[in-house]
Amino acid sequence: MAEQQKPELFELNNGTMKVKVSNYGCTITSLFVPDKNGNLADVVLGFDTIAPYLNGAAPFFGCIVGRVANRIKEGKFTLNGIEYSLPINKPPNSLHGGTKGYDKVVWEVAEHKDGEHPSITFKYHSIDGEQGYPGDVSVSATYTLTSQTTLRLDMEAMPKNLPTPISLAQHTYWNLAGHNSGDVLNHQVQLWASHVTPVDQYTIPTGEIMPVKGTPFDFTTQKKIGTSIHEVGLGYDHNYVLDCGEEKSGLKHAAEVKDPSSSRTLNLWTNAPGMQFYTGNYVNGVVGKGGAVYGKHAGLCLETQGFPNAINQPNFPSVVVQPGETYKHTMLYEFSVGE
């Protein structure tokens, strides 16, 4: 066993963009990118030190969640005839891997490289029965600055001895005007998804795959978040079916987000089947970096993932991974400045 590493912060810097990540939950705590005038701003919600993350002050700011992201209905599933029970940490369901998911553990720093393409690799060994899940799983996550303004995340997981559901998600809250700039309702969003998976009153998908056309969920062409957010209850918190993005290097175009004030633009590419589009509906007076107060809609999340509750929904793409197989999930964040 490697000696228990302590939670700390690491930096990736290529001279243009600068990212701080922690081995606690593989958490992105800050990410600086230039605007149209070359001015850097930190575009992720978070805290200046690790303490608030350890103390549970963060509503999943910046972290990787697992073993299974999103909700599992009533914290139960059956696999190969065995019923498994998980912590009900978001009643009546289990959310983001349980009370102590992958976001609340210290990962091992396996490698940290500087240079033109700086990177850091975190590893975590998840044991059989952890948070109720079956079998040992070896997990790794590598963040790399692949170009001047591109961040790549490669997540892998290998079950050792038992089949298990695996669906990891990166839960960063983005505000391209700067983390302390207020809400994101003016951000313009395009999602390469022509369907969503509607949910019941407990935010569990009904199993239906619903076309977005003619609904407030339609982001198939660029639209301001604020345009129809008032028509969807508290805000967007829905799984989009990534079914119409063009491909490049095995990844599908999932989203484009633009902030009109700074012209900062984020294009996200992934190989995951779905993406939770979440507009920070439950963020409420969290005191973050530099004393900034994050309110409702202070950031937006683009959580590429397996579909929520897929383990209990036979018509959803399977999230079960067999021993000897490798789960692979890649996200490519391309920053630019629009016209």
Asn23 side-chain N/O to Glu8 backbone N/O, donor-acceptor pair under 3.5 Å: yes
Between the side chain of His253 and the main-chain N/O of Trp269, is any donor-acceptor distance below 3.5 Å? no
Looking at every non-hydrogen atom in both residues, tell me the closest pair between Val319 and Ala310 and how far apart they are. CG1-CB, 3.9 Å
Please report the C-alpha distance between Ile204 and Val199 in whole Å, then the side-chain angles of each, then the deciding distance to 0.1 Å, and finally whether the side-chain contact (heavy atoms from CB on, under 4.5 Å) criterion is met. CA-CA 5 Å; Ile204 293 289; Val199 293; 5.9 Å; no
Taking only residues two or more places apart in sequence, or in another chain, which ones meet Asn186 in a side chain to side chain contact (heavy atoms under 4.5 Å, CB included)? Lys224
Quick one: which of Tyr278, Tyr333, Phe61 gives a ring-ring contact (aromatic ring centres under 6.0 Å, His included) with Trp174? Tyr333
Decide yes or no on side-chain contact (heavy atoms from CB on, under 4.5 Å) for Leu86 and Val68, but give the supporting numbers first. CA-CA 11 Å; Leu86 316 170; Val68 174; over 6 Å; no
If only atom types and distance count, is the side chain of Ser140 paired as donor or acceptor with the main-chain N or O of Phe122 below 3.5 Å? no
Any Thr265 side-chain heavy atom under 4.5 Å of Leu176 side chain: no
Linked hydrophobic residues, Val287 as query - side chain contacts closer than 4.5 Å: Val293
Answer yes or no: is there a side-chain heavy-atom contact under 4.5 Å between Pro87 and Gln131? yes
Which distance, rounded to the nearest 0.5 Å, do you find between the CG of Asp154 and the NE2 of His329? 10.0 Å
Can you tell me how far the OG atom of Ser262 sits from the NZ atom of Lys36, to the nearest 0.5 Å? 7.0 Å
Would you say Leu153 and Val65 are hydrophobically clustered, going by side-chain heavy atoms of ILVMFWY under 4.5 Å? no
Does Leu251 belong to the same Ile/Leu/Val/Met/Phe/Trp/Tyr cluster as Met155, with side-chain heavy atoms less than 4.5 Å apart forming each link? no
Quick one, Lys296 with Leu234, criterion side-chain contact (heavy atoms from CB on, under 4.5 Å). Give me CA distance, side-chain angles, the key distance, then yes/no. CA-CA 9 Å; Lys296 191 177 182 182; Leu234 288 173; 4.1 Å; yes
Side chain of Lys104, backbone of Tyr53: donor and acceptor closer than 3.5 Å? no
List the residues meeting side chain to side chain contact (heavy atoms under 4.5 Å, CB included) with Asp48, not counting sequence neighbours, and say none if there are none. Lys289
Does one hydrophobic cluster hold both Val109 and Ile64, with members joined at side-chain heavy-atom distances below 4.5 Å? yes
Will you find, in the side chains of Tyr173 and His179, an N or O donor that is under 3.5 Å from an N or O acceptor? no
Suppose the criterion is salt bridge (Lys or Arg N to Asp or Glu O under 4.0 Å): which pairs have a residue in residues 116-127, not counting sequence neighbours? none
Please check if the side chain of Asn161 supplies one atom and the backbone of Asp136 the other of a donor-acceptor pair under 3.5 Å. yes
Checking one residue: Ile209. Which other hydrophobic residues are in its cluster under the side-chain 4.5 Å linking rule? Val241, Phe307, Phe316
Looking at side-chain heavy atoms only, is the closest gap between Phe32 and Lys20 below 4.5 Å? no
First locate atom CZ of Phe335, then atom OG of Ser147, and finally report the distance between them rounded to the nearest 0.5 Å. 10.5 Å
Let me check something: do Leu302 and Trp192 share a hydrophobic cluster, defined by ILVMFWY side-chain heavy atoms less than 4.5 Å apart, either directly or through other members? no
Between Met17 and Leu31, is there a side-chain heavy-atom distance shorter than 4.5 Å? yes
Quick check: closest heavy atoms across Phe77 and Pro134, and the distance to 0.1 Å? CZ-CD, 3.8 Å
Tell me, which pairs form a salt bridge (Lys or Arg N to Asp or Glu O under 4.0 Å) where one or both residues lie in residues 200-223, sequence neighbours left out? none
Side-chain contact, heavy-atom cut-off 4.5 Å: Pro118 with Asn13? no
Side-chain (Asp243) to main-chain (Ser194) donor-acceptor, under 3.5 angstrom: yes
So SG of Cys244 and CG of Leu191: to nearest 0.5 Å the spacing works out to 9.0 Å
Considering non-hydrogen atoms only, spot the tightest contact between Val106 and Tyr124 and give its length. O-CD1, 4.1 Å
A side-chain contact here means heavy atoms from C-beta on lying under 4.5 Å apart; do Leu145 and Leu151 qualify? yes
Please check if the side chain of Tyr327 supplies one atom and the backbone of Val139 the other of a donor-acceptor pair under 3.5 Å. no
Of all heavy-atom pairs between Asn271 and Gly250, which one has the smallest distance, and what is that distance? CB-O, 3.9 Å
Using the side-chain contact (heavy atoms from CB on, under 4.5 Å) rule, take Asp103 and Thr27 through it: C-alpha gap first, then chi angles, then the decisive distance, then the call. CA-CA 7 Å; Asp103 63 302; Thr27 302; 5.8 Å; no
Here the gap from Leu45 atom CG to Ser30 atom OG, rounded to the nearest 0.5 Å, amounts to 12.0 Å
Tell me whether Asn39 contacts the main-chain N or O of Asp35 through its side chain, where contact means a donor paired with an acceptor under 3.5 Å. no
Please, which pairs that meet salt bridge (Lys or Arg N to Asp or Glu O under 4.0 Å) have at least one residue in residues 51-76, sequence neighbours excluded? none
Check whether any side-chain N or O of Asn309 sits under 3.5 Å from a backbone N or O of Pro205 as a donor-acceptor pair, and report yes or no. no
Ring centroid separation Phe219 to Phe277 under 6.0 Å: yes
With sequence neighbours excluded, what pairs up with Gln322 under the side chain to side chain contact (heavy atoms under 4.5 Å, CB included) test? Pro163, Val320, Glu325
Of all heavy-atom pairs between Tyr102 and Trp107, which one has the smallest distance, and what is that distance? O-NE1, 2.9 Å
Looking at Tyr133 and Ser126, would you say the former's side chain and the latter's main chain have a donor-acceptor pair under 3.5 Å? no
Do Thr215 and Val196 have side chains that approach each other closer than 4.5 Å (heavy atoms only, starting at C-beta)? no
Only pairs at least two apart or in different chains count here, so list each ring pair (Phe, Tyr, Trp, His ring centres under 6.0 Å) that has a residue in residues 6-26. Phe10-His112
Hey, what do you get for CG (Asp259) to CG (Asn175), rounding to the nearest 0.5 Å? 7.0 Å
Identify, with sequence neighbours excluded, every residue that meets side chain to side chain contact (heavy atoms under 4.5 Å, CB included) alongside Thr146. Thr144, Thr150, Arg152, Leu332
Give a yes-or-no answer on whether the side chains of Gln170 and Thr304 include a donor-acceptor pair shorter than 3.5 Å. no
So, for Val184 and Ala298, which heavy atoms are closest and what is the spacing to 0.1 Å? CG1-O, 3.8 Å
Who are the salt bridge (Lys or Arg N to Asp or Glu O under 4.0 Å) partners of Lys248, not counting sequence neighbours? Glu334
Using a 4.5 Å cut-off on heavy atoms from C-beta on, say whether the side chain of Ile229 contacts that of His297. yes
Hey, could you give me each pair passing side-chain hydrogen bond (donor to acceptor under 3.5 Å, both in side chains) that has a residue in residues 231-241? Not counting sequence neighbours. Thr197-Asn239, Asp237-Gln276, Asn239-Gln305
